[in-house]
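Data block below; observations after.
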Amino acid sequence: MGFRKAQARMLDQQLRTRDIRDERVIDAMCQVPRHEFVPRRWRKNAYDDTPLPLGPDQTISQPYIVAYMTEWLRPMQGERALDIGTGSGYQAAILTELGIEVFSIEIDARLSALAAKNLSRSGYPDVHLRTGDGHTGWPEAAPFDVILIAAATPQVPPELLDQLGEGGRMILPIGGSDQRLLGITRHGDRFEREPLLQVRFVPLKGLSEGR
Ligand code: SAH
């Protein structure tokens, strides 16, 4: 099966028949060539209903989870996003496709370099990339309208809450072996928290390693 056909099948069978309703998100998932973000040996599986390995301890999330998190964030054209855990760059490309200015942090320098290549090759050269620990965010570019974390943490990093703008939305997997997505919306000094899907993400590095 060619990539176009596999991609069309992904949109129908993994997104539309589940609960993804935002046509802009479905459209973005139709525009971004996921196979360009997947390691060569997994390319034929790029549109499968599963996460795929990027390296030891790193995965590109399952398409449905990318769509779910993106939809929940209700991103609007012209907004700014902080994306923690660049990985392959796929999630950053989806947000860019929605007209968002994306700032993305990856702790693994090798993956940062790979994401930069994947993003420019696929037509998204404008994503701002940084290698470092996402726990501290990107203060110079704050506040953000949306913040997305693609690795699990036992608690919400406080610096990231500070960098969420008024009315801003954040989504992240909370927990260790038992994880759930948590959606957070900022209303002034109040942070409204909404528990969402059960998930399984790789752990966010750094905090538990002596910070
Ligand atoms: N969003 C990615 C998937 C990321 S998987 C994609 O679309 O492909 C989670 C990523 O988070 C991994 O690449 C991992 O190296 C990175 N990561 C783990 N801890 C981190 C930290 N403290 N700061 C930034 N990135 C981190």
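Values below: every heavy atom of this structure, side chains too, minus hydrogens, waters and symmetry copies.
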Check whether [X] reaches the backbone of [Y] with its side chain - one donor and one acceptor, N or O, closer than 3.5 Å.
X: D108; Y: L111; result: yes
X: R9; Y: Q14; result: no
X: Q7; Y: V32; result: yes
X: D145; Y: R80; result: yes
X: R121; Y: E36; result: yes
X: Q179; Y: P173; result: no
X: D22; Y: E71; result: no
X: T86; Y: D83; result: no
X: R186; Y: G188; result: yes

Under a 3.5 Å cutoff, is there a donor and acceptor pairing between the side chains of [X] and [Y]?
X: H135; Y: E159; value: no
X: E97; Y: Y124; value: yes
X: Q91; Y: T70; value: yes

Check whether any side-chain heavy atom of I100 lies under 4.5 Å from a side-chain heavy atom of Q77, and answer yes or no.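 No. Closest side-chain heavy atoms not under 4.5 Å.
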First locate atom [atom1] of [X], then atom [atom2] of [Y], and finally report the distance between them rounded to the nearest 0.5 Å.
X: R190; Y: I184; atom1: CZ; atom2: CD1; value: 12.5 Å
X: M170; Y: L73; atom1: CE; atom2: CG; value: 10.0 Å
X: L52; Y: R43; atom1: CG; atom2: CZ; value: 11.5 Å
X: S112; Y: I107; atom1: OG; atom2: CD1; value: 10.5 Å

May I ask whether I105 and Y90 are part of the same hydrophobic cluster, defined by side-chain heavy atoms of I, L, V, M, F, W, Y residues being less than 4.5 angstrom apart, directly or through others?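 Different hydrophobic clusters.
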Could you list all the side chain to side chain donor-acceptor pair (under 3.5 Å) pairs where at least one residue sits in residues 163-176, not counting sequence neighbours?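 Pairs touching residues 163-176 that pass the test: E79-R169.
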Which pairs of donor and acceptor atoms, one on a side chain in residues 60-69, lie under 3.5 Å apart (sequence neighbours left out)?
from	atom 1	to	atom 2	distance (Å)
Q62	NE2	D49	OD1	2.9
Y64	OH	D19	OD1	2.6

Would you say R21 has more than 12 foreign heavy atoms packed within less than 6.0 Å of its CZ?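 Yes, enclosed.
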Test of understanding: with ring-ring contact (aromatic ring centres under 6.0 Å, His included), list the residues that count as partners of F103, not counting sequence neighbours.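 Applying ring-ring contact (aromatic ring centres under 6.0 Å, His included) to F103 gives H128, W138, F144.
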Using the side chain to side chain donor-acceptor pair (under 3.5 Å) rule, pick out the option among H35, R34, K5, Q13 that qualifies with Y47.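 For Y47, the side chain to side chain donor-acceptor pair (under 3.5 Å) check succeeds only for H35.
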Decide whether a cation-pi geometry holds between R74 and W72; the criteria are a distance under 6.0 Å from NZ or CZ to the six-membered ring centre and an angle within 45° of the ring axis.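 Verdict for W72: a cation-pi partner in R74.
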